[in-house]
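Down below is the structure, laid out as structure tokens.
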Amino acid sequence: MPELPEVETIRRELDREVVGRRIKTVELSSTARRTIRRHKGPKEFQSGLEGAKVTGVHRKGKYLLFSLEGAGKAQTLVVHLGMSGQLLLVKRTKEPRDRHTKVVVTFTQGGQLRFVDPRTFGEMFVTTPEDVDKQVPELAHLGFDPIEDIMSWLRLSALLRQKKTRLKTLLMDQRFVAGIGNIYADEILFAAGLRFDRESTSLTSQEVRRLHRSMVEVLSDAVKARGSSLQDEQYRDIFGETGDYQSRHNVYGRDGEACRRCRSVIVRVKSNGRSTYLCEQCQV
DNA sequence: ACGCCCGCCTGTAAGC
DNA sequence: TGCTTACAGGCGGGCG
């Protein structure tokens, strides 16, 4: 579910709300084993966190990284929300817990950060800053960040020529570019006027420039709108609020509806087993 | 070596 | 109405 705009929204809120707080206790539900699957057991996870102070919250692709200052030594908490993970900040400890609550972090100043994850694809992991890349190799192998890293269209053009893959596959490949998932891949390709199945090596320089601009524009507009919440409203920020970007979707989830640009019908097809939405008139 | 598909889970909605 | 099936934002592993 959560892609770059949603994770970045959560990151900004966490950076404002939890930096400076100290972790008092870490509670794990009986089904949290899968959440902390990279750890041997709960003890290792809890001892890395309890007593530590949050000094910053960062994002790499769809991963959140909490910088922590423990008893003398620095730690990093890595969080991936998977398909259905939510991080919710609650003021009162007594607030009833969602039944899929996996981890509850209670701060010494009061308040809790809860990790709720029905589909259990999400993950939490604690290690030292220097070991992060070794222990979570996916992080070390992430591609460029489309809104943080300055990337010229010429550089993008060179990268596209190195890979001979369909455009959507490439946009969703975290090792190529970090943070784009199924929703934003479709929205970026619509904005660029390109089909999902165009081969990466086939783009003219004008098309590369359009793709480059669309990637930055769609993702930064989506961050400004605080991400997309779909019908199931699974995506929520740390205050439980939905995002607003779904109302601006041009193709995703709009099959059968009229294209906002040319009025022809938006279609849904399958690509790599994933639903793909496009306008066959506007995207070539 | 790399693209593609499956499986991992639970919940919801469509289909019969 | 109620059961069954398909599908859903994620990614890693294994297959061809």
Side-chain angles (χ1 to χ4, degrees), chain A residues 1-10 29-38 59-64 78-87 98-102 115-125 135-143 159-189 196-202 218-219 222-223 225-237 242-249 251-256 268-277:
Chain A
M1 154 227 281
E3 306 179 31
L4 186 152
E6 292 77 29
V7 178
E8 177 61 17
T9 301
I10 291 166
S29 81
S30 55
T31 55
R33 181 159 305 204
R34 199 170 133 77
T35 304
I36 55 160
R37 52 190 172 270
R38 277 181 225 246
R59 181 186 59 77
K60 277 184 107 180
K62 300 174 194 172
Y63 293 81
L64 284 166
V78 180
V79 180
H80 194 290
L81 300 171
M83 289 273 249
S84 60
Q86 300 178 335
L87 280 174
D98 182 285
R99 64 199 218 83
H100 296 294
T101 302
K102 306 294 178 189
F115 183 64
V116 179
D117 187 18
R119 290 179 70 185
T120 73
F121 294 131
E123 163 166 34
M124 294 180 116
F125 181 72
Q135 307 259 13
V136 191
E138 309 92 277
L139 265 176
H141 300 149
L142 286 177
L159 289 174
L160 286 168
R161 268 186 268 112
Q162 286 171 19
K163 295 265 187 176
K164 195 176 172 179
T165 322
R166 301 198 296 178
L167 275 187
K168 182 169 177 179
T169 309
L170 202 53
L171 286 180
M172 289 181 64
D173 183 348
Q174 303 305 301
R175 290 164 305 180
F176 181 77
V177 51
I180 300 172
N182 206 34
I183 295 177
Y184 295 103
D186 283 2
E187 292 300 323
I188 289 165
L189 288 169
F196 68 98
D197 52 2
R198 278 289 293 280
E199 206 173 81
S200 57
T201 54
S202 76
V218 167
L219 294 171
V223 170
R226 299 171 33 263
S228 302
S229 297
L230 304 185
Q231 284 82 342
D232 59 11
E233 298 188 343
Q234 189 95 217
Y235 163 67
R236 300 287 182 139
D237 69 5
T242 59
D244 292 326
Y245 194 71
Q246 63 283 0
S247 64
R248 313 239 305 265
H249 288 180
V251 285
Y252 191 86
R254 296 193 68 242
D255 51 320
R268 176 166 79 139
V269 298
K270 284 266 183 215
S271 168
N272 297 353
R274 314 295 298 272
S275 280
T276 297
Y277 301 86

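Numbered from 1 within each chain, the chains take letters A, B, ... in sequence-line order. Side chains included, hydrogens not; waters and symmetry mates left out as well; all remaining heavy atoms used.
At B:dG3, none of the side-chain N or O atoms of A:Lys164 fall inside 4.0 Å of OP1 or OP2 (strictly under the cut-off). Close to B:dG3, at under 4.0 Å from its OP1 or OP2, lies a side-chain N or O of A:Thr165. Between A:Arg175 and B:dC2, a side-chain N or O to OP1/OP2 separation shorter than 4.0 Å is absent. The phosphate of B:dA1 has neither OP1 nor OP2 within less than 4.0 Å of any side-chain N or O from A:Lys163.
Comparing C:dT1 with B:dG11, their P atoms sit 23 Å apart, to the nearest whole Å. Remark: the separation of the P atoms in C:dC11 and B:dT12 is 23 Å, to the nearest Å. The P atoms of B:dC6 and C:dA6 are separated by 13 Å, rounded to the nearest whole Å.
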side-chain contact (heavy atoms from CB on, under 4.5 Å) between A:Val136 and A:Arg38, worked out: CA-CA 9 Å; A:Val136 191; A:Arg38 277 181 225 246; 4.0 Å; yes
Test side-chain contact (heavy atoms from CB on, under 4.5 Å) applied to A:Phe125 and A:Arg37, step by step: CA-CA 8 Å; A:Phe125 181 72; A:Arg37 52 190 172 270; over 6 Å; no
Derivation of the side chain to side chain donor-acceptor pair (under 3.5 Å) call for A:Thr169 and A:Asn272: CA-CA 8 Å; A:Thr169 309; A:Asn272 297 353; 3.0 Å; yes
Full working for side-chain contact (heavy atoms from CB on, under 4.5 Å) between A:Val251 and A:Leu189: CA-CA 10 Å; A:Val251 285; A:Leu189 288 169; over 6 Å; no
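Nearest to the side-chain atoms of A:Glu138 among the listed nucleotides C:dG10, C:dA8, C:dG12 stands C:dG12.
Distance check, rounded to the nearest 0.5 Å: CG of A:Leu4 to NZ of A:Lys60 gives 13.5 Å. The OG1 atom of A:Thr165 sits 13.5 Å away from the CE atom of A:Met172 when rounded to the nearest 0.5 Å.
Atom pair A:Gln135:CD and C:dG12:C1' shows a separation of 17 Å (rounding to whole Å applied). The separation between A:Lys62 atom NZ and C:dG12 atom C1' is 13 Å, rounded to whole Å. Between A:Arg274 atom CZ and C:dA6 atom P there is a gap of 18 Å when expressed in whole angstrom units. Taking atom CG on A:Leu170 and atom C1' on B:dG3, their separation rounds to 12 Å, with Å as the unit. For the pair A:Met172 CE and B:dC4 P, the interatomic distance rounds to 12 Å; values are reported in whole Å. Here B:dG3 presents its P atom at 17 Å from CZ of A:Phe196, a figure rounded to the nearest Å. Distance, A:Asp117 CG to C:dA8 C1': 14 Å, rounded to whole Å.
When the options A:Thr120, A:Thr31, A:Thr35 are evaluated for a side chain to side chain donor-acceptor pair (under 3.5 Å) with A:Lys102, the one that passes is A:Thr31.
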Heavy-atom protein contacts under 4.0 Å, nucleotides 5-16 of chain B, coded B base, S sugar-phosphate only, - none: S--BBBS-----
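Under the rule for a ring pair (Phe, Tyr, Trp, His ring centres under 6.0 Å), the partners of A:His80 that lie at least two apart in sequence or sit in another chain are A:Tyr63.
Every stem involving DNA chain C, taken as at least 3 paired positions in a row under the Watson-Crick or G-U wobble test at 3.5 Å, is listed here: B:2-8 with C:10-16, B:10-16 with C:2-8.
Ring-plane geometry between A:Tyr245 and A:Tyr184 is classed as tilted, the angle between the planes lying from 30 to 60 degrees on a 0 to 90 degree scale.
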